[in-house]
Amino acid sequence: MRFLENAPRFLFFTGKGGVGKTSIACATAIRLAEAGRRVLLVSTDPASNVGQVFGISIGNKITVVEAVPRLFALEIDPEAAAQAYRDRIVGPVRGKLPEGVVKGIEEQLSGACTTEIAAFDEFTALLTDTELTSAYDHIVFDTAPTGHTIRLLQLPVAWSGFLEAGKGDASCLGPLAGLEKQRAQYSAAVEALADGQRTRLVLVARAQTSTLREAARTHAELAAIGLTQQFLIVNGLLPEGEAALDPLGRAIYDREQAALSAMPDALRALPRDDVPLKPFNLVGLDALRQLLVEGAPLSNLATGEPIELRAPSLSDLVDHIARDGHGLIMLMGKGGVGKTTLAAAVAVELARRGLPVHLTTSDPAAHLTETLRGSMAHLTVSRIDPHAETERYRQEVLRTKGVHLDAQGRALLEEDLRSPCTEEIAVFQAFSRIIREAGEKFVVMDTAPTGHTLLLLDATGAYHREVARMLDAKGAHYTTPMMQLQDPKRTKVLIVTLAETTPVLEAARLQADLRRAGIEPWAWVINNSVAATRPRSPLLRKRAQNELAEVERVATVHARRYAAVPLLEEEPVGVERLLKLAAPLREPA
């Protein structure tokens, strides 16, 4: 493995949820320890569970991994760190400021940026405190900070007055209010991250177009701030030998090879390792030792065991949706789970039944156009350009809030507006113009804003609160977009996930965010299920069996109702193939 050659002191693994960061980080730590090095493995990923992978209890303390000499592990609980961080900032003003102001501060501190910054606050000591870490040759981090977070930490020390004056908008500057005291430590940590002699960043991806595109964005964002010592791991590649045993296997193999051939040039230039798909769950030392070994035996393969997946289909959900005759359907989920494809599948199935449908997305136009490949009766399609909408929103904020700022204040506001939340807010404003149509037809919305963003809009007095203020003054009867989203008779939210541990955990956190915003998800959709097909390949049959526990968890713990959508042999492109996604599931194999 090239990423292990001449490994520096710090190794960071980063990538989207579900790509295998935790497994690869654990396997790396084992490999280095068994090569005679003293290794500390640190997890800062709220979805990962290093202790479960090793079969031991770790927690927020350095723990000896007894089964692997010279290996130690630490799990930083980012949620606990974020709560302590919030308490540190909000505590002094509680009871001194109006309740509404405190609520706004708390919501600004409830998002992903706060969790990430608080976790960074915890592990910077591991990058800078030589007394604490001198006992280790390598420190392996499961999950690296994003380029956006690092860039924020490099900004000038001017947060407090800027925030107190209410000049920030809806971004990640709020979480930075308590960082001034540690700025020297953060500066040293960022310097260590940017030093290629000390640090190696490993981008982990799957051989999927969307995942590779996201990895390319991460690469560019980190390289732009000086973190250039990067490697790429493409995880979970189906071995060519399995493709010969199964039409589904052949389709997966060809699809993965096509994605790799079309890989962005920026990733193509990086040193790269490919890790083949394994049939077993990556839990326990034996499994982890096999993960990075080329040509490792594919043991414990399923042969003739039946795969008993009995689950509702997407068509069953559409049956319920169609009864209303109109309404807003929002598909939500983390990147790479197939939201756009399933939004198109729901839209074409409703249109096939003769119902009027408007499908709207903020994904690149070519993506949706390529997915649909043509027109269909009763279906209209629109695309919102997120870049244009975000730029329009930024200019409006700069024109109003930024007009009287000095150069430093304006620079801070501009950084505030580079937050991931800003694009969601700008796109939501554009979506809001379309939402009104849901009173007379179905509006299917792809790439919806998160629960945190919706709450942030509410707490900071943005769009719909401003609408409410103006209409209240006129005594008018009205329904704001937020009110419509909270009304289950008007809006149905479908959470999209995969039948894998990390995507299910991320979907559960999204559901909790939505519930905080007063929005109750209507259903979950498990996409690309191998268990919902008839795989012949022994490896795929074993993978299908592994899915069943996650499907059961969704059905019994997380979802009020759910459906499973099979992984098709053909890419779900074009109306005919999209309709297959809503077909009833086959009987168990």
Side-chain angles (χ1 to χ4, degrees), residues 15-26 43 45-53 75 77-79 112 115 142-143 204-206 208 210-211 214 235-236 277-283 287 307-314 317 330-339 341-342 448 450-452 493-516 519-533 540 542-567 581 585:
K16 294 169 71 168
V19 296
K21 294 187 301 292
T22 298
S23 299
I24 290 176
C26 290
S43 173
D45 186 345
S48 77
N49 191 332
V50 171
Q52 183 180 21
V53 169
E75 287 179 330
D77 183 346
E79 300 296 345
T115 303
D142 168 26
T143 299
V204 184
R206 294 288 180 96
Q208 301 163 348
S210 62
T211 308
E214 178 72 19
N235 189 31
L277 184 69
K278 299 296 191 289
F280 43 78
N281 285 323
L282 290 164
V283 175
I307 300 167
E308 298 286 347
L309 177 65
R310 299 181 183 275
S313 69
L314 188 63
L317 295 186
M330 299 174 69
L331 284 96
M332 293 185 170
K334 294 292 185 179
V337 296
K339 295 188 300 295
T341 298
L342 289 182
T450 65
H452 166 66
V493 173
L494 277 58
I495 292 181
V496 183
T497 188
L498 304 175
E500 298 174 15
T501 303
T502 300
V504 168
L505 286 171
E506 290 184 335
R509 284 202 301 275
L510 171 60
Q511 177 162 267
D513 263 353
L514 291 169
R515 285 173 171 166
R516 279 194 307 115
I519 299 169
E520 182 62 33
W522 184 74
W524 284 40
V525 182
I526 301 167
N527 194 26
N528 287 338
S529 171
V530 178
T533 68
L540 292 179
K542 187 66 177 177
R543 296 285 301 183
Q545 287 181 331
N546 292 342
E547 288 185 357
L548 299 182
E550 295 304 326
V551 174
E552 177 70 11
R553 190 168 291 112
V554 169
T556 60
V557 177
H558 297 305
R560 297 175 59 192
R561 59 179 63 80
Y562 79 103
V565 175
L567 176 63
L581 294 176
L585 299 185

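Predicted model, so just to flag it, every value in this text is computed and none were measured.
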Under the salt bridge (charged side-chain N to carboxylate O under 4.0 Å, His left out) test, residues paired with Glu520 that sit two or more places apart | Arg515
Rounded distance (nearest 0.5 Å) linking atom CG of Leu505 with atom CD of Glu550 | 7.5 Å
Quick one: salt bridge (charged side-chain N to carboxylate O under 4.0 Å, His left out) partners of Glu500, sequence neighbours excluded?
-> none
All heavy atoms of Trp522 vs all of Leu494, minimum pair found to be CE3-CD1, 3.7 Å
Who pairs with Asn527 by side-chain contact (heavy atoms from CB on, under 4.5 Å), at least two apart in sequence or on another chain?
-> Leu342, Val496, Leu498, Val565
Straight-line distance of Ser529 OG to Leu548 CG, nearest 0.5 Å | 8.0 Å
Residues forming a salt bridge (charged side-chain N to carboxylate O under 4.0 Å, His left out) with Arg561, sequence neighbours excluded | none
Apply the test side chain to side chain contact (heavy atoms under 4.5 Å, CB included) to residues Val525 and Ile495: give CA-CA distance (whole Å), side-chain angles for both, the deciding distance (0.1 Å), then the verdict.
-> CA-CA 6 Å; Val525 182; Ile495 292 181; over 6 Å; no
For the residue pair Pro279 and Asn546, what are the closest heavy atoms and their distance?
-> O-ND2, 3.1 Å
Rounded to the nearest 0.5 Å, what's the gap from CD on Glu552 to CG on Leu309? Could you check?
-> 10.5 Å
Of the non-hydrogen atoms in Tyr562 and Ile526, which two are nearest, and what is the gap between them?
-> CD1-CD1, 4.0 Å
Considering residues at least two apart in sequence or located in another chain, which fulfil the salt bridge (charged side-chain N to carboxylate O under 4.0 Å, His left out) criterion with Glu547?
-> none
Donor-acceptor pair, side chain of Lys21 and main chain of Gly15, under 3.5 angstrom | yes
Can you tell me how far CE of Met330 sits from CD1 of Ile519, rounded to the nearest 0.5 angstrom?
-> 6.5 Å
Residue pair Ser43 / Asp142: nearest heavy atoms and the distance that separates them = OG-OD2, 3.4 Å
OG1/Thr341 to CG/Leu581 distance, rounded to the nearest 0.5 angstrom?
-> 7.5 Å
Contact summary for Ala508 and His558, nearest pair of heavy atoms | CB-CE1, 3.7 Å
For Ala287, enumerate each residue passing the side-chain contact (heavy atoms from CB on, under 4.5 Å) test, keeping only those at least two apart in sequence or located in another chain.
-> Phe280, Leu282
Contacts of type side-chain contact (heavy atoms from CB on, under 4.5 Å), residue Gln208, not counting sequence neighbours = Arg206, Thr211
Closest non-hydrogen atom pair between Ala564 and Ala311, with its separation = CB-CB, 3.9 Å
Could you state the interatomic distance from OG1 (Thr497) to CG (Asn528), rounded to the nearest 0.5 Å?
-> 11.0 Å
